[in-house]
Amino acid sequence: MSQIEVSISIGERTFEVACQEGEQQFLQAAAKLLDTEAQVLVSSIGRMPESRLLLMSGLMLADKTGGLEESLKEAEDVIAGLREEIAVLKAAPAPEPEKVEVQVEVEVPVVPDEVQDVLAELAARAEAIAASVSEKTSETNNA
C-alpha cells in the first residue's frame, strides 16, 4: 500500500501526517480525540507552544484511557465472577419442587421463590454490566 498525506487539526493548528491508504478514518478519529483535549487546554490556558500543547493533550488522553481500561478490567472481573456463579448454579442439582399445580391433567413443577429471586438478581446484574460496558464502548468510539 502507498502512503498518503492527511491534513489534521489539533488545538487550532494544522498538521500534515502520512498514513497508509485506507487508514485515513482511523487517523482522523485519533486526531479528533487529541484535538478534543487540546481544545480544553486552549480554552482554559490560551496559546502555548505546540510541543507542550501536544504533550499535555496526549497526557490528558492517556489519563482518560487509563481510567477506561481500569473500568473495563473491573467489569471483566465482575463478568468472570458472574460466569463462575452461573456455572455453579448450572452444576447444582435441581431443587425438588415444593408443590405441583395441575393444569389440564398435566403436572407442572413450581420453581421455588428463592431460586426465582436469585435468577432475577443475576439477570439484573448481568444487564447492568452489559449496559455499562456498552456505554463505555460507545463513549470510546464516539470520543
Side-chain angles (χ1 to χ4, degrees), residues 1-101 103 106-143:
M1 273 191 179
S2 63
Q3 286 199 348
I4 60 171
E5 290 285 320
V6 177
S7 179
I8 59 172
S9 178
I10 299 172
E12 301 174 357
R13 295 178 175 108
T14 302
F15 301 90
E16 293 297 322
V17 181
C19 70
Q20 296 292 324
E21 190 172 330
E23 294 182 351
Q24 301 95 312
Q25 289 177 298
F26 302 112
L27 176 62
Q28 289 171 336
K32 184 174 184 236
L33 290 172
L34 195 56
D35 181 52
T36 299
E37 300 305 319
Q39 291 300 331
V40 170
L41 290 169
V42 168
S43 66
S44 64
I45 297 174
R47 202 111 170 101
M48 65 174 53
E50 182 178 286
S51 60
R52 178 157 313 270
L53 176 69
L54 292 173
L55 172 66
M56 295 300 295
S57 300
L59 289 173
M60 290 168 55
L61 192 54
D63 182 52
K64 281 186 177 180
T65 301
L68 287 174
E69 287 175 350
E70 186 175 312
S71 295
L72 179 60
K73 173 71 172 115
E74 289 172 6
E76 287 172 341
D77 290 345
V78 169
I79 289 170
L82 290 173
R83 284 186 175 145
E84 288 176 20
E85 194 171 336
I86 289 170
V88 167
L89 290 173
K90 283 183 176 181
E96 291 294 321
E98 290 181 11
K99 61 183 178 181
V100 175
E101 296 177 2
Q103 295 181 346
V106 175
E107 293 184 356
V108 179
V110 176
V111 178
D113 289 338
E114 60 267 5
V115 172
Q116 289 180 358
D117 293 344
V118 168
L119 291 174
E121 181 181 333
L122 285 173
R125 288 166 64 187
E127 288 174 1
I129 290 168
S132 175
V133 169
S134 176
E135 180 180 292
K136 290 186 187 315
T137 302
S138 68
E139 288 175 2
T140 302
N141 290 338
N142 290 337

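By convention here, the first residue in the shown sequence is residue 1. What you see is a predicted model; the values in this text were computed from it and never measured.
- One finds the CD atom of Q25 at 10.5 Å from the SG atom of C19 (value rounded to the nearest 0.5 Å).
- How far CD of E12 is from OG of S43: 9.0 Å, rounded to the nearest 0.5 Å.
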After noting the C-alpha distance and the side-chain angles of I8 and L34, does the key distance pass the side-chain contact (heavy atoms from CB on, under 4.5 Å) rule? CA-CA 10 Å; I8 59 172; L34 195 56; over 6 Å; no
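- Applying the side chain to side chain donor-acceptor pair (under 3.5 Å) test to D77 and every residue at least two apart in sequence or in another chain returns K73.
- The structure places CD of E37 at 3.5 Å from NZ of K64, a figure rounded to the nearest 0.5 Å.
- K136 meets the salt bridge (charged side-chain N to carboxylate O under 4.0 Å, His left out) test with no other residue; sequence neighbours excluded.
- Residues that satisfy the salt bridge (charged side-chain N to carboxylate O under 4.0 Å, His left out) test with E84, not counting sequence neighbours, are absent from this structure.
- Going from atom CG of L72 over to atom OG1 of T65 covers 12.0 Å, rounded to the nearest 0.5 Å.
- Rounding to the nearest 0.5 Å places CG of L54 at 11.0 Å from CG of L59.
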Using the side-chain contact (heavy atoms from CB on, under 4.5 Å) rule, take L53 and R13 through it: C-alpha gap first, then chi angles, then the decisive distance, then the call. CA-CA 10 Å; L53 176 69; R13 295 178 175 108; 2.8 Å; yes
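- One finds the OG atom of S7 at 8.5 Å from the CD atom of Q28 (value rounded to the nearest 0.5 Å).
- Side-chain atoms of Q24 come within 3.5 Å of backbone N or O of G22 as a donor-acceptor pair.
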